[in-house]
Amino acid sequence: MFHVFSIKKLFKKAIIRWVFLGLMGFVTVFFLLNYIFPVPDRVEYSKIITDNKGEVIHAFLTTDQQWRMKTNLDEISPILQKTIVQKEDRYFFYHFGVNPFALAKAMVQNIFYRRRVSGASTITMQVARALEPKRRTYLNKLVEIFRATQLELKYSKQEILQLYLNLIPYGGNIEGVKSAAVIYFRKNPDHLSLAEITALSIIPNRPSSLVIGKSNPQILLERNKWLVKFAKENVFSAKEIEDALREPLNAIRNPVPQLLPHLSVRLKKQPGEIAKTNIDLNTQLKLEKLIADYSRSLHLKNIHNAAAMVIDNYTHNVIAYVGSANFKDTVDAGQVDGVSAIREPGSTLKPLLYGVCIDQGLLTPKKMIEDVAINYDGYAPENYDKKFNGNVSMEYALEHSLNIPAVKSLKSLGKDKLIQKLSQCNFRQIAKDQQKLGLSMILGGCGTTLEELTGLFTVFANEGKYIRPAFLQDEYRSPIPKTIMSTAASFMISEVLTKINRPDFPLNWESTVHLPKIAWKTGTSYGRRDAWSIGYNKHYTVGVWAGNFSGAGIAELSGSNIATPLLFRIFNTINYDADQEWFEQPKDCDIRIVCSETGMVPNSYCTNRVTDYFIPIVSSGKICDNKKEVMISANEKISYCRMCMPENGYRKKMFPVVSSEMRRYYEENKIAYLKIPPHNPACERVFKEGAPLVISPSSGAEYYINKKTPEPIQLKCNVDNDVSKVYWYINDRFYKASEAGSMQYFLPDEGPVKISCTDDKGRNRDIWINVRYIQL
């Protein structure tokens with residue numbers, strides 16, 4: 001008896017040992033296979049673009065030409081999860097990927113009926129089959145079970161359900177519940193009703209025979225059968241089932257949304273399956289229609305394209321982005337993105353320049369700048385109308401977009417300081433080309449984009465601070481804004497740009513149409529290839545570009561008459577009643593009395609005075625010095641200096657201080673001004689200052705002259721207002737005497753040439769040029 005008991009005990013231990021070893025062997029083999037054959041869980045999803053409310057507004061096919069949009073976990077609503085799990089795998093949250101009871105039942109039924117009566121695939125097994133499609137065989141079913149177990153070890157139940165909802169077929173090239181919801185019902189999965197979810201849950205079992213839009217009656221019958229079944233199983237309340245049964249099924253296959261094409265193409269290149277933009281779809285659609293209609297009206301002028309961008313100044317989000325008038329227009333290159341295309345900015349950078357000059361203490365709105373002919377090492381800029389205006393205030397120069405005051409201001413400031421500010425505002429091309437840029441950059445001699453310019457003008461709307469505009473909701477931005485200029489400077493610039501009595505006000509703007517209260521600046525590039533108008537108020541900053549993507553210049557193209565009317569219409573569309581809210585004078589901006597002739601703190605002799613904004617401590621406090629006391633003869637025919645003044649018979653008189661450039665301007669335009677009488681001819685004083693300034697030719701320049709048709713070089717100089725005659729010398733040989741301010745011409749020899757100019761006071765200036773004769 002004892003012997004029999006010992007044998008049984010040993011046999012039992014052996015069984016336990018073998019079972020244990022078997023289990024250990026099975027686990028070892030499983031993990032070894034799991035290591036050797038990892039689960040193929042990489043899924044390519046369609047890139048989708050959503051608006052600020054999460055609605056899909058654009059999508060792209062996968063490389064295998066499928067609409068496979070990713071459903072995020074937060075889009076799986078409780079009703080969607082409950083419906084799918086109840087219909088497909090009610091024990092999904094309890095098994096390890098395989099339901100052994102369902103598997104055993106299916107095997108018995110299939111053996112008994114000698115055909116496939118029912119399946120035992122769980123949701124996890126269906127995911128495994130979708131990730132690695134194979135023929136339905138018993139061997140492949142074992143592989144499927146293995147893969148399902150791998151998935152259960154790697155992912156949570158919610159993630160597996162997410163994979164299932166992303167991969168289930170819905171007929172044709174539609175995969176995943178999100179694709180089906182968007183294409184059939186034009187909504188996201190978390191907005192689907194119980195009836196819609198149930199209808200969709202039927203399709204994957206028969207995706208080729210049940211097609212929404214073609215088989216709606218059959219789908220409706222199947223849907224209602226399942227809803228009744230759900231009612232019997234108390235899955236949903238009676239009221240929910242009743243409402244679902246009453247809901248009609250009118251769904252069809254709709255075209256996939258293809259809105260916001262230019263930005264969508266741009267965002268497609270970025271990583272991730274979903275690009276969640278800040279685009280306000282309502283504003284976007286309004287702008288698209290507005291630009292398309294406006295662009296059509298420009299076709300008769302041979303202007304075929306326009307682009308616009310809108311930034312919300314409170315959130316710094318880009319809420320509208322229109323790259324062209326018609327993305328599908330292949331004739332006029334409608335697929336070119338006018339928002340990101342690099343173009344010449346015209347005069348649009350001038351507000352930034354003047355704002356920075358204000359902060360540097362160089363300018364205030366009433367500070368005078370000479371708008372006369374200048375030449376900086378061969379660079380001689382001109383105004384838009386080819387005319388000069390003499391002394392103008394900074395605000396006048398900005399209002400009228402004068403070029404020469406802008407170039408002079410940039411020369412005073414230094415181009416590197418302006419480039420630094422632009423680089424802070426993410427002007428990529430300017431930062432790249434900074435070593436090549438010169439003074440011409442302020443007139444458009446550089447490369448910028450509409451995106452960069454619109455972002456720049458948010459600085460004025462945000463008290464001189466720059467925060468990079470965001471296209472995406474999850475886009476990282478530094479929480480610390482960049483200070484581009486002071487609050488006071490941005491306010492002063494805004495005050496100037498708000499005025500409507502200025503030359504760049506559109507001539508074709510109807511007086512009966514509402515005029516939005518905005519600050520704006522226009523720009524027209526060289527050759528009239530680009531028309532710009534950038535405007536802002538407290539709420540929005542809007543940038544507009546118009547022109548041709550071919551780069552063709554059009555005589556009628558200008559920022560004022562082409563781009564600005566569109567800018568006004570956009571503001572009237574998106575922010576019609578914005579007149580009550582405007583920028584207030586900041587604390588760091590004060591008001592003072594200045595001389596109207598110079599914009600400087602008035603001297604005792606300054607009789608014409610005006611008020612001007614200034615920044616205490618920062619703005620220059622220099623006293624006006626535009627007049628000087630001169631000793632003259634009783635008959636006012638001769639002036640004296642302290643070395644030659646007589647003991648009596650003279651008197652003192654105030655004369656304006658006129659630079660040689662302004663003197664030339666007055667004389668060329670026949671403008672009368674109070675001149676200092678000629679200096680005492682008997683004076684023996686040696687004049688050491690005030691030598692003539694040779695402005696043509698340019699000192700150090702190299703000149704190329706055609707051998708066949710040589711053209712002479714112009715001789716031109718600026719002199720003090722007490723000079724009446726100048727003498728020209730070429731290579732130390734006398735050439736010609738002329739009246740001060742007149743122009744002479746000469747034909748030089750090849751090689752280095754020395755040019756000397758001496759005034760009637762004996763003051764001399766020498767320059768050198770190099771001349772080469774070439775065959776053309």
Side-chain angles (χ1 to χ4, degrees), residues 308-314 316 345-359 363-366 393-402 406 421 425 450 452-467 469 484-506 509 513-524 531-545 558-561 563-586 589 612-613:
M309 185 169 119
V310 181
I311 299 173
D312 186 318
N313 293 330
Y314 295 130
H316 310 287
S347 298
T348 53
L349 298 180
K350 290 175 182 175
L352 174 67
L353 167 66
Y354 289 126
V356 177
C357 285
I358 289 171
D359 278 336
L363 294 173
T364 58
K366 293 291 194 302
S393 66
M394 186 220 81
E395 62 181 2
Y396 182 94
L398 181 54
E399 285 173 24
H400 291 72
S401 197
L402 300 178
K421 295 294 184 181
C425 296
L450 180 60
E452 293 167 347
L453 288 172
T454 310
L456 171 64
F457 274 72
T458 62
V459 170
F460 303 107
N462 289 286
E463 300 182 337
K465 306 292 191 299
Y466 176 80
I467 296 177
I484 305 302
M485 66 181 69
S486 66
T487 308
S490 65
F491 170 76
M492 293 182 207
I493 297 300
S494 295
E495 286 293 285
V496 176
L497 296 181
T498 308
K499 298 178 181 179
I500 60 175
N501 297 322
R502 56 199 237 204
D504 62 350
F505 188 85
W509 187 255
V513 180
H514 177 261
L515 180 65
K517 184 173 183 180
I518 60 170
W520 83 97
K521 181 70 185 77
T522 63
T524 306
W532 305 89
S533 193
I534 321 290
Y536 60 93
N537 60 17
K538 289 281 284 185
H539 200 164
Y540 299 108
T541 297
V542 178
V544 169
W545 170 88
S558 70
S560 57
N561 291 322
T564 301
L566 179 56
L567 178 76
F568 287 177
R569 293 182 190 186
I570 290 174
F571 269 104
N572 279 343
T573 301
I574 67 173
N575 202 210
Y576 189 85
D577 297 318
D579 297 355
Q580 299 150 354
E581 202 177 3
W582 198 246
F583 305 99
E584 296 180 358
Q585 182 178 337
C589 179
D612 188 21
Y613 290 117

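Side chains are part of it too, since the values below use all heavy atoms of this structure and drop only hydrogens, waters and symmetry mates. Count residues from 1 along the sequence.
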For a 4.5 angstrom cut-off between non-hydrogen side-chain atoms, does Glu395 reach Tyr354? no
Quick check for you: to the nearest 0.5 Å, what is the distance between Leu566 atom CG and Phe571 atom CZ? 11.0 Å
Could you check whether any side-chain heavy atom of Ile518 comes within less than 4.5 Å of a side-chain heavy atom of Tyr540, counting everything from C-beta outward? no
Stepwise side chain to side chain contact (heavy atoms under 4.5 Å, CB included) check, Leu352 with Val459: CA-CA 9 Å; Leu352 174 67; Val459 170; 5.8 Å; no
Looking at Tyr314, Trp582, Tyr576, which hits ring-ring contact (aromatic ring centres under 6.0 Å, His included) with His539? Tyr314
Asn575, Thr498, Asn313 screened by side chain to side chain donor-acceptor pair (under 3.5 Å) with Asn537, the one that passes: Asn575
Decide yes or no for Asn462 and Ile467: does some side-chain heavy atom of the first lie under 4.5 Å from some side-chain heavy atom of the second? no
Would you say Thr522 and Leu567 make side-chain contact, with heavy atoms under 4.5 Å? no
Minimum side-chain heavy-atom gap Cys589-Thr487 below 4.5 Å: no
Least distance between heavy atoms, Trp532 atom then Gly346 atom: NE1-N, 4.3 Å
Could you measure the distance from the SG atom of Cys357 to the CE atom of Met485? Nearest 0.5 Å is fine. 10.0 Å
Test log, rule side chain to side chain contact (heavy atoms under 4.5 Å, CB included), inputs Lys421 and Leu353: CA-CA 9 Å; Lys421 295 294 184 181; Leu353 167 66; over 6 Å; no
Just how far is it from atom OG1 of Thr458 to atom CD1 of Ile311, taken to the nearest 0.5 Å? 5.5 Å
To the nearest 0.5 Å, tell me how far Ile484 CD1 sits from Ser490 OG. 11.5 Å
State whether the number of non-hydrogen atoms from other residues, nucleotides or ligands found under 6.0 Å of Glu495 atom CD is greater than 12. yes
Can you list the steps and then say if Tyr536 with Leu497 is a side chain to side chain contact (heavy atoms under 4.5 Å, CB included)? CA-CA 10 Å; Tyr536 60 93; Leu497 296 181; 4.0 Å; yes
Classify the ring geometry of Tyr613 against Phe491: parallel below 30°, tilted from 30° to 60°, perpendicular beyond 60°. perpendicular
Among Lys521, Arg502, Lys499, Lys350, which residue satisfies the salt bridge (Lys or Arg N to Asp or Glu O under 4.0 Å) criterion with Glu399? Lys499
Any heavy-atom pair between the side chains of Ser401 and Asp504 that's under 4.5 Å? no
Nearest heavy atoms of Gly543 and Thr454, plus distance in Å: CA-OG1, 3.4 Å
Answer whether the closest heavy-atom distance between the side chains of Trp520 and Ile500 falls below 4.5 Å. yes
What closest approach, in Å, do Ala489 and Ser486 show between heavy atoms, and which atom pair accounts for it? N-OG, 3.0 Å
Restricting to non-hydrogen atoms, name the atom on Ser393 and the atom on Pro365 that form the minimum distance, rounded to 0.1 Å. CB-O, 3.6 Å
Measure the spacing between CD of Glu463 and CZ of Phe583 and express it to the nearest 0.5 Å. 9.0 Å
Could you give me the CA-CA distance, side-chain angles and deciding distance for Phe457 and Val542, then say whether side chain to side chain contact (heavy atoms under 4.5 Å, CB included) is met? CA-CA 9 Å; Phe457 274 72; Val542 178; over 6 Å; no
Heavy-atom nearest pair, Met394 first then Ile493, reads CE-CD1, 4.4 Å
Testing the basics here: between Ser494 and Ala519, what is the closest heavy-atom pair and its distance to 0.1 Å? O-CB, 4.0 Å
As an exercise, state the distance from OG1 of Thr541 to CG of Leu456, rounded to the nearest 0.5 Å. 10.0 Å
Below 4.5 Å, heavy atoms only, C-beta onward: do Asn561 and Pro565 meet side chain to side chain? no
Parallel, tilted or perpendicular: which fits the ring planes of Phe505 and Phe568, with parallel below 30° and perpendicular above 60°? tilted
Within the distance-only criterion (no hydrogens, no angle test), does the side chain of Thr564 pair as donor or acceptor with the backbone N or O of Gly559 below 3.5 angstrom? yes
